[in-house]
Student: 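Below you will find the structure I want to go over with you.
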Amino acid sequence: MRPQDITTSAVLTVEGELDDISGAGQTRAAHDLCTGIAPENHQHLEVEGAGHYGIFSGRRWREVVYPQVREFILQHALPGVRPEIVGDDDGSMLQAQTEVAVAAPAPIEEAAPAPIEAQAATPPAPAKSPAKSSKSRATRGSRRT
């Protein structure tokens, strides 16, 4: 995939100010790579006081990050797509309802069965070998000499 070829989307990156796993600026780098996206469709959010896990869980998610993610999605929804909040307004879920019809995939043609002559020419499967000793692995070779 060539990020510069993405043109019909928007990009939102989120970083925690105190992230000890991803270095500062790592998610912001996506904006430099996605040059085909119009500047007004780029947004970066650095969450003050949040670490790597605090960005998407807990109080900061509910009070800081989720409202901005929700607003970003609503602002950049495609024509014919109507995002709706499902569940509580605490960041539980945002769902897109689309009015676009999707075509059903073409039916897959099944292969014709082999002719009877070909089926008869197939050699029978080899017989299974007789069962091994009834001694369990735990008892075999348990004596040391």
Side-chain angles (χ1 to χ4, degrees), residues 1-114 118-119 122-145:
M1 183 181 125
R2 296 169 34 99
Q4 64 271 27
D5 292 342
I6 302 169
T7 59
T8 59
S9 186
V11 63
L12 168 65
T13 54
V14 182
E15 290 185 352
E17 173 193 33
L18 305 175
D19 193 329
D20 60 338
I21 296 174
S22 299
Q26 278 190 317
T27 65
R28 189 183 294 267
H31 297 277
D32 296 333
L33 297 172
C34 297
T35 56
I37 298 175
E40 63 271 14
N41 291 331
H42 285 261
Q43 183 177 333
H44 177 76
L45 171 61
E46 185 170 315
V47 185
E48 208 173 298
H52 189 77
Y53 298 105
I55 298 170
F56 296 105
S57 65
R59 182 179 55 80
R60 282 194 182 83
W61 164 251
R62 289 187 311 273
E63 296 175 4
V64 178
V65 180
Y66 174 71
Q68 292 187 53
V69 169
R70 180 183 60 209
E71 186 60 30
F72 183 84
I73 292 170
L74 293 171
Q75 284 179 353
H76 295 90
L78 295 172
V81 176
R82 185 190 54 191
E84 291 182 8
I85 298 170
V86 177
D88 297 331
D89 194 25
D90 66 351
S92 54
M93 189 183 305
L94 192 64
Q95 177 177 322
Q97 300 291 329
T98 181
E99 298 167 5
V100 178
V102 178
I108 299 173
E109 293 183 27
E110 292 185 26
Q119 291 176 6
T122 305
K128 292 185 178 182
S129 60
K132 293 189 178 185
S133 168
S134 62
K135 288 186 178 182
S136 70
R137 285 183 187 231
T139 60
R140 270 188 261 147
S142 61
R143 286 189 186 173
R144 293 186 182 184
T145 55

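Nothing here was measured: the structure is a model prediction, and the numbers come from that model. All heavy atoms count here, side chains included; hydrogens, waters and symmetry mates do not.
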Student: Run the side chain to side chain contact (heavy atoms under 4.5 Å, CB included) check on L12 and Q68 step by step: do they pass?
Tutor: CA-CA 10 Å; L12 168 65; Q68 292 187 53; over 6 Å; no
Student: On a heavy-atom basis, which atom in I37 and which in A10 lie closest, and how many Å separate them?
Tutor: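 Minimum heavy-atom contact is CG2-CA, 4.3 Å.
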Student: Residues two or more places apart in sequence or in another chain: which of them pass salt bridge (charged side-chain N to carboxylate O under 4.0 Å, His left out) with D5?
Tutor: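 So D5 forms a salt bridge (charged side-chain N to carboxylate O under 4.0 Å, His left out) with R2.
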Student: Angle between ring planes, F56 versus W61, binned at 30° and 60°: parallel, tilted or perpendicular?
Tutor: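 Rings of F56 and W61: tilted, 30 to 60°.
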Student: Just by distance, do the side chain of Q4 and the backbone of G36 share a donor-acceptor pair under 3.5 Å?
Tutor: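 No; zero donor-acceptor contacts below 3.5 Å.
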Student: To the nearest 0.5 Å, what is the distance between CD on E71 and NE2 on H76?
Tutor: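 Reported value, rounded in 0.5 Å steps: 10.0 Å.
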Student: What pair of heavy atoms forms the shortest contact from R60 to A50, and how long is it?
Tutor: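 Scanning both residues completely, I find the closest heavy atoms to be CD-CB, 3.6 Å.
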Student: Contact between V14 and V47 at the side-chain level, heavy atoms closer than 4.5 Å - yes or no?
Tutor: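 Side chain of V14 against side chain of V47, heavy atoms only: contact under 4.5 Å found.
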Student: With a 3.5 Å distance limit and no angle check, can you tell me whether E15 reaches the backbone of Q26 through a side-chain donor-acceptor pair?
Tutor: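 A pair under 3.5 Å: yes.
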Student: In this structure, which one of R28, E46, H31 forms a side chain to side chain donor-acceptor pair (under 3.5 Å) with T13?
Tutor: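 Testing each of R28, E46, H31 against T13, the sole residue satisfying side chain to side chain donor-acceptor pair (under 3.5 Å) is H31.
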Student: So for atom CD, which belongs to E48, do other residues, nucleotides or ligands contribute more than 12 heavy atoms lying within a distance under 6.0 Å?
Tutor: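 No, because the 6.0 Å sphere around CD of E48 holds 12 heavy atoms or fewer from other groups.
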Student: Checking E63 now: which residues fulfil salt bridge (charged side-chain N to carboxylate O under 4.0 Å, His left out) with it, not counting sequence neighbours?
Tutor: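 With sequence neighbours excluded, E63 shows a salt bridge (charged side-chain N to carboxylate O under 4.0 Å, His left out) to R59, given in chain and number order.
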Student: Quick one: does H42's side chain get under 4.5 Å of C34's, heavy atoms only?
Tutor: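 They are in contact (side-chain heavy atoms under 4.5 Å apart), so the answer is yes.
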Student: Of the non-hydrogen atoms in L45 and V65, which two are nearest, and what is the gap between them?
Tutor: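 Result for this residue pair: CD2-CA, 4.2 Å.
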Student: Applying side chain to side chain donor-acceptor pair (under 3.5 Å) as the test, list every pair that has at least one member in residues 49-58; sequence neighbours left out.
Tutor: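 Those involving residues 49-58 are D19-H52.
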